[in-house]
Visitor: 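Before anything else, here's the structure in question.
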Amino acid sequence: MQEFIQQIRNALSERGGLSPEEVKIEQPRDPALGDFAFPCFPLAKKLKKAPPAIAAELAEQLNVDLENITATATGPYINFLVDRATLAETVVNAVLTAGASYGTSQEGAGKKIVIDLSSPNIAKPMSVGHLRSTVIGAALQRIFDTLGYETVGINHIGDWGSQFGKLIAALDRWGADTDLESDPIQALLGLYVRYHKEEEGDPELAEAGRAAFRALENGTDPEVRSKWEHITKLSLLEFDKIYDRLGVGFDEVRGEAYYEPHLESTIQRVESAGITELSEGALIVDLTHISENTPPCLLRKTDGTTLYATRDLAAVFHRWELYEFERCLYVVGGDQRLHFQQLKGVLDRMKLEWEERVEHISFGMMRLPEGRMSTRKGRVVFLEDVLDRAVEEALRIIKEKSPDLPDPEAVAEQIGVGAVIFNDLRRERIKDVEFNWEEILSFEGETGPYVQYTHARLSSILRKAEAREEGGGEADWTALEEASGVLLRIGRFPDVIRSAGRNAEPSELSTWVLGLAREVNGWYAKNRVLGQDSGVTAARVALVKATQETLATGLRLLGLAAPPEM
RNA sequence: GCGCCCGUAGCUCAGCUGGAUAGAGUGCUUGCCUCCGAAGCAAGAAGUCACAGGUUCGAAUCCUGUCGGGCGCACCA
């Protein structure tokens, strides 16, 4: 479809005396006006004429230049209407010849993008809150893959820090009556909550916790170390179950602990840049160059131990050395904005030119109606429960509406999980979301299942066409006259992927997918595909196939399955 | 107190980085399965684009301020 826009752009730039970049092509308000539009206001000054006069004059000239496109002046706008049959043939063939690779590009060839995603903390069950980073990050990775980038998805596990000392202390004290094997994460969570409850009135316990972390950090006590390893291993196994269900994999799973041996050299590296100072006994980097009130970045505490920021610095150095990334994206909640500002502030003060390639892809918080989620207070919704209930609901609907569907459990898993994922990617990532069971279990309207259902219906038509041996003839593209909404959507797909990647915004894709599903459903209700004249059926089957494939690609990029039946 | 983010229909959101009469879903009121899958389609009612200024041919979109909500602000991660 780009070819039409390009043609309009070239003709306009020649006739209007603009550079091609100055020609801004947009969509008309009302699709009946045309497929593309050009507002003549910017030319008014240059030509010293009223926009409507310019539009009328230019439209006439453009009609001489343009092929298969009609230009019409409407007030100050020039609207362009592509010949319906040409539009249909061009778009449908573009998809069908490209197949699953429709929408891919090579713009990222030879460039690497590192994505830090998911990054849960060990020993706590994943809440619905963790869904956001995982699902947004995974969608971004797939989007960049299709744009030709080499991507590295990193799960930066929270496996270090003082809470592990607490956990080990709790395990020492109550481990005997805890069943760690059958449901390890829930057991660890129980220990964690109990520790916090009893810590206050029990200084001995608090000291045991601190001592255990010191031992862990010094590496002096192999027994403590092996307990930590055990906890980590059990947790990762549990997480993998969730990742499998979400269809998410990682290129690198590295805990913060991995960077332990590199912390000294990291600190030295920052020190040798001459930007560190001692303040109140702690080693800091002053960041008042960002703004007067920006708090400093702490590299080392008074007691000599390191912090989150130190480990994150070590990690970002490591990533740069390993990958020399084009972009390094941290898909992390907006509550950590300051942390990343500080991280980048340190890189900036070190005069590392790749500092601007490091981006915090922040997203809004998932909240409950009664406030912020808190694992410690037991005010959480666990991700596994959400997935289970959504799948259960999907299965209930399948039994009601498609009792003969083969393998209903497997499809219910795809629909239920799809509903949850789509619900999270539906809105702009920066917006806070309030968790709502009713919304997440709804499969109608602007939901994942709606798109999946559309895809399944199109697939069903294609199966029938094949069974009846219809759709094989020469296509009569005029039979797609009413499908321009569908065609224009499909034609825009490559642009949407590019834009979603540039802005690191999966919701641009989900919005587009919904729009395509809506368009094709409207068309489908009015236009019969099978049993028409062979040319008509051929063209419509081709459109159905092109739409079905594009929907499947869109769903796949977002992380949803596209079952052929449901 | 300071900083960052958000504010569009009852509710949940789009609005293509400044353009035409602000659009969807949901909920509500209707209509559509003897016809390719009704998890669908079509129609109706529903808006001071938080408020007030400014910038210009033109502002939901950019700037300033106010209000409301969220988040953060040195030894947690």
Side-chain angles (χ1 to χ4, degrees), chain A residues 24 26-30 33 37 39 41-42 44-45 50-51 74-77 79 119 121 158 160-163 256 279-284 291-303 305-309 311-312 333-339 341-342 362 364-365 367 372 394 397-398 400-402 415 419 423 426-428 430-434 436 438-439 442-447 449-454 456-465 468 470 492 495-496 499 503 507-508 511-512 514-515 517-518 521-531 540 544 565-566:
Chain A
K24 210 187 122 202
E26 30 186 84
Q27 262 101 51
R29 250 293 154 257
D30 180 359
L33 291 169
F41 304 101
K45 256 186 199 150
T74 311
Y77 291 87
N79 292 312
S119 308
N121 287 326
W160 205 249
S162 43
Q163 79 266 27
E256 288 182 72
S279 168
E280 298 169 31
L283 186 70
I284 67 158
S291 90
E292 205 184 328
N293 299 321
T294 306
C297 179
L298 266 81
L299 297 180
R300 187 153 41 209
K301 299 191 264 186
T302 318
D303 68 3
T305 57
T306 59
L307 296 103
Y308 181 40
R311 292 191 279 274
D312 244 8
D335 53 346
Q336 292 195 37
R337 241 189 154 89
L338 178 61
H339 166 70
Q341 204 181 12
Q342 291 177 316
S362 80
M365 307 297 296
R367 323 178 56 253
R372 228 196 146 126
I397 295 174
I398 287 172
E400 182 192 316
K401 305 199 180 202
S402 317
I415 308 291
N423 183 256
R426 212 183 58 187
R427 58 203 115 213
E428 220 183 343
I430 196 68
K431 296 209 157 110
D432 284 349
V433 313
E434 188 172 291
N436 181 333
E438 205 182 319
E439 192 180 280
S442 150
F443 295 173
E444 287 168 21
E446 296 179 328
T447 66
Y450 168 78
V451 181
Q452 291 172 314
Y453 179 72
T454 306
R457 280 206 308 188
L458 299 180
S459 304
S460 167
I461 292 180
L462 295 174
R463 281 193 300 274
K464 291 203 164 97
R468 300 183 197 172
E470 287 188 40
R492 219 175 300 132
D495 282 340
V496 171
S499 174
N503 300 328
S507 73
E508 291 185 19
T511 304
W512 174 89
L514 276 176
R518 197 183 323 113
N521 278 327
W523 177 81
Y524 167 95
K526 277 184 285 190
N527 298 81
R528 254 196 97 73
V529 176
L530 302 177
R540 291 183 180 169
V544 168
E565 291 179 79
M566 61 187 269

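Sequence lines set the chain letters: A, B, ... in the order given, protein chains first and strands last, and positions in each chain run from 1.
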Visitor: Check the chi torsion on B:C33 and let me know: syn if it falls within 90° of 0, anti if not.
Guide: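 That one's syn.
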Visitor: What form does the base of B:U66 take, syn (within 90° of 0) or anti?
Guide: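 Anti conformation here, the glycosidic angle of B:U66 being more than 90° from 0.
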Visitor: Do A:Thr294 and B:G3 share a donor-acceptor pair, side chain to base, under 3.5 Å?
Guide: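 By the distance-only test, no, there is no pair.
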Visitor: With heavy atoms under 4.0 Å as the rule, sort A:Asp495 into base, sugar-phosphate or nothing.
Guide: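 Result for A:Asp495 = nothing.
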Visitor: Respond yes when some side-chain nitrogen or oxygen of A:Ser460 is under 4.0 Å from OP1 or OP2 of B:G37, and no when none is.
Guide: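 For B:G37, OP1/OP2 do have a side-chain N/O of A:Ser460 under 4.0 Å.
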Visitor: When you measure from the side chain of A:Asp432 to the backbone of A:Met365, do you find a donor-acceptor pair of N or O atoms at a distance under 3.5 Å?
Guide: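 A pair under 3.5 Å: yes.
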Visitor: State the CD1-OG1 distance between A:Ile415 and A:Thr447, to the nearest 0.5 angstrom.
Guide: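 Taking CD1 in A:Ile415 and OG1 in A:Thr447, the distance rounds to 9.5 Å.
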Visitor: Considering every strand and a 4.0 Å limit on heavy-atom distances, what is the contact class for A:Leu530: base, sugar-phosphate, or nothing?
Guide: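 Here A:Leu530 touches the bases of the nucleic acid.
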Visitor: Measure from the side chain of A:Ile430, starting at C-beta and using heavy atoms only, and say which of B:G72, B:C6, B:U12 lies closest.
Guide: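 Of the candidates, B:C6 comes closest.
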Visitor: P atom, B:U56 versus B:C16: distance in rounded Å?
Guide: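 Those two atoms are separated by 23 Å.
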Visitor: Answer with base, sugar-phosphate or nothing: what part of the nucleic acid does A:Pro295 contact at a heavy-atom distance below 4.0 Å?
Guide: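 A:Pro295: backbone/sugar contact only, no base atoms under 4.0 Å.
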Visitor: Choose from B:C71, B:U12, B:C76 the nucleotide whose nearest atom is closest to any side-chain atom of A:Leu307.
Guide: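 That would be B:C76.
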Visitor: How many whole angstroms separate atom CD of A:Glu446 from atom P of B:C11?
Guide: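 Atom-to-atom, A:Glu446 to B:C11, this comes out as 16 Å.
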Visitor: Please measure how far the P atom in B:U26 lies from the corresponding atom in B:G72, and state the result in whole Å.
Guide: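 It comes out at 35 Å once rounded to the nearest Å.
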Visitor: May I ask you to verify whether the side chain of A:Asn79 and the base of B:A20 hold a donor-acceptor pair under 3.5 Å?
Guide: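 Under the 3.5 Å cut-off, the side chain and the base do form a donor-acceptor pair.
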Visitor: Using a heavy-atom cut-off of under 4.0 Å over every strand shown, decide if A:Thr511 touches base, sugar-phosphate, or nothing.
Guide: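 The answer is sugar-phosphate, as A:Thr511 gets under 4.0 Å only of primed atoms, P, OP1 or OP2.
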Visitor: Answer with base, sugar-phosphate or nothing: what part of the nucleic acid does A:Ala44 contact at a heavy-atom distance below 4.0 Å?
Guide: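 Counting heavy atoms under 4.0 Å across all strands, no contact is made by A:Ala44.
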Visitor: Are OP1 or OP2 of B:A77 and a side-chain N or O of A:Tyr308 less than 4.0 angstrom apart?
Guide: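 So the side-chain polar atoms of A:Tyr308 never come under 4.0 Å of the phosphate oxygens OP1 or OP2 of B:A77.
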Visitor: Could you state the atom-to-atom distance from CG of A:Leu299 to C1' of B:C76 in whole Å?
Guide: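 Going from A:Leu299 (CG) to B:C76 (C1'), I get 16 Å.
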Visitor: For the side chain of A:Lys401, starting at C-beta, report the closest nucleotide among B:A39, B:C2, B:A14.
Guide: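 Looking only at heavy atoms from C-beta outward on A:Lys401, the closest nucleotide is B:A39.
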Visitor: If you measure from the C1' atom in B:U21 to the same atom in B:G1, how many Å do you get, rounded?
Guide: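 Their C1' atoms lie roughly 47 Å apart.
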Visitor: Between B:A39, B:G40, B:A14, spot the one nearest the side chain of A:Ile415, thanks.
Guide: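 When the side chain of A:Ile415 is considered, B:A39 is the closest of B:A39, B:G40, B:A14.
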Visitor: Calculate the interatomic distance between A:Lys464 atom NZ and B:C35 atom C1'; express it in whole Å.
Guide: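 Rounded to whole Å, this separation is 11 Å.
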Visitor: Go through B:C41, B:A39, B:A74 for me and flag the one nearest to the A:Ala525 side chain.
Guide: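 Nearest nucleotide to the side chain: B:C41.
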Visitor: When you measure from the side chain of A:Arg427, which nucleotide among B:C13, B:C71, B:A20 comes out closest?
Guide: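 Selected nucleotide (nearest to the side chain): B:C13.
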Visitor: Does OP1 or OP2 of B:C13 have a side-chain N or O of A:Arg426 closer than 4.0 Å?
Guide: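 False: A:Arg426 side-chain N/O out of range (4.0 Å or more) of B:C13 OP1/OP2.
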Visitor: Keeping the roles fixed (side chain from A:Ser460, backbone from A:Ala456), state whether a donor-acceptor pair exists under 3.5 Å.
Guide: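 Checked: no pair found.
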Visitor: Using the C1' atom as the reference point in each nucleotide, state the distance between B:U61 and B:G7 in Å, no decimals.
Guide: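 Roughly 14 Å separates the two C1' atoms.
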Visitor: Given 3.5 Å as the limit, does a donor-acceptor pair link the side chain of A:Asn423 with the main chain of A:Ala419, or not?
Guide: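 Judged by distance alone, no pair lies under 3.5 Å.
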Visitor: In whole angstrom, give me the gap between the C1' atoms of B:A9 and B:C4.
Guide: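 After rounding to an integer number of Å, I get 29 Å for this pair.
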Visitor: Rounded to whole angstroms, how far apart are CD on A:Glu26 and P on B:G58?
Guide: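 Interatomic distance, CD of A:Glu26 to P of B:G58: 17 Å.
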Visitor: Would a 4.5 Å heavy-atom cut-off, applied to side chains only, mark A:Glu446 and A:Arg518 as touching?
Guide: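 Yes, close enough: below the 4.5 Å cut-off.
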Visitor: Of the nucleotides B:C57, B:G7, B:A77, which one has an atom closest to the side chain of A:Phe41?
Guide: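 Nearest to the side chain of A:Phe41 among the choices is B:C57.
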Visitor: Is the distance from OP1 or OP2 of B:A20 to the nearest side-chain N or O of A:Arg29 less than 4.0 Å?
Guide: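 Affirmative; the distance criterion is met.
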Visitor: Report yes if at least one side-chain N or O of A:Asn121 is closer than 4.0 Å to OP1 or OP2 of B:A77; otherwise report no.
Guide: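 No, because none of the side-chain N or O atoms of A:Asn121 sits under 4.0 Å from OP1 or OP2 of B:A77.
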Visitor: Below 4.0 angstrom from OP1 or OP2 of B:G72, is there any side-chain N or O of A:Arg372?
Guide: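 Indeed, a polar side-chain atom of A:Arg372 lies that close.
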Visitor: Looking at B:G25, I'd like to know if its phosphate oxygens (OP1 or OP2) sit under 4.0 Å from a side-chain N or O belonging to A:Arg518.
Guide: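 Result: no.
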Visitor: Is there a donor and acceptor pair closer than 3.5 Å between the side chain of A:Ser162 and the base of B:A77?
Guide: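 By the distance-only test, no, there is no pair.
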Visitor: Just to be sure I understand the rule, does A:Asn503 reach a base, reach only the sugar-phosphate, or reach nothing, if contact means heavy atoms closer than 4.0 Å?
Guide: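 Touches a base.
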Visitor: May I have the distance from A:Lys526 (atom NZ) to B:A38 (atom P), rounded to whole angstrom?
Guide: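 About 16 Å, once rounded to whole Å.
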Visitor: Using 4.0 Å as the upper bound for N to carboxylate O, is an ion pair formed by A:Glu470 and A:Arg528?
Guide: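 Between A:Glu470 and A:Arg528 there is no salt bridge, as every charged N stays at least 4.0 Å from the carboxylate O atoms.
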Visitor: Distance between the P atoms of B:G31 and B:C36, in whole angstroms?
Guide: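 Roughly 22 Å separates the two P atoms.
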Visitor: Quantified in whole Å, what is the C1' atom distance between nucleotide B:A22 and nucleotide B:A59?
Guide: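 Pairwise C1' distance, B:A22 against B:A59, rounds to 12 Å.
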Visitor: Looking only at the side chain of A:Ile398 (C-beta and beyond, no hydrogens), which of the listed nucleotides B:A39, B:C71, B:A38 gets closest?
Guide: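 From the listed options, B:A39 comes nearest.
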Visitor: Tell me the interatomic distance from A:Glu508, atom CD, to B:G15, atom P, rounded to whole angstroms.
Guide: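 Roughly 8 Å, once rounded to whole Å.
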Visitor: Could you state the CG-P distance from A:Leu514 to B:G15, rounded to the nearest angstrom?
Guide: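 Between P of B:G15 and CG of A:Leu514: 12 Å.
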Visitor: Quick check for you: among B:C71, B:A39, B:A77, whose closest atom lies nearest to any side-chain atom of A:Glu444?
Guide: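 So the side chain of A:Glu444 is nearest to B:A39.
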Visitor: Of all the nucleotides listed (B:C36, B:C5, B:A38), which has the minimum atom distance to the side chain of A:Arg337?
Guide: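 Selected nucleotide: B:C5.
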Visitor: With a cut-off of less than 4.0 Å, is there a side-chain N or O of A:Lys431 near OP1 or OP2 of B:A14?
Guide: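 It does, given that an N or O in the side chain of A:Lys431 lies less than 4.0 Å from OP1 or OP2 of B:A14.
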Visitor: Measure the CG-CG distance between A:Leu298 and A:Leu307 for me, rounded to the nearest 0.5 Å.
Guide: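 Between atom CG of A:Leu298 and atom CG of A:Leu307 there are 6.0 Å.
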Visitor: P atom, B:A20 versus B:C49: distance in rounded Å?
Guide: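 Approximately 15 Å lies between the P atom of B:A20 and that of B:C49.
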Visitor: Answer yes or no: does a side-chain N or O of A:Tyr450 lie under 4.0 Å from OP1 or OP2 of B:C41?
Guide: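 For A:Tyr450, the contact criterion (side-chain N or O under 4.0 Å from OP1 or OP2 of B:C41) is met.
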Visitor: Expressed in angstrom and rounded to an integer, what is the separation of A:Asp30 atom CG from B:A20 atom P?
Guide: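 Nearest whole value for this atom pair: 12 Å.
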Visitor: How would you label the contact of A:Ser402 with the nucleic acid (heavy atoms, under 4.0 Å): base, sugar-phosphate, or nothing?
Guide: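 Base, at least one base atom sits under 4.0 Å.
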Visitor: So A:Pro76, base contact, sugar-phosphate only, or nothing? Heavy-atom distance under 4.0 Å.
Guide: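 Nothing, no heavy atom under 4.0 Å.
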Visitor: Within a radius of less than 6.0 Å around CD of A:Glu292, do more than 12 heavy atoms belonging to other residues, nucleotides or ligands occur?
Guide: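 Open.
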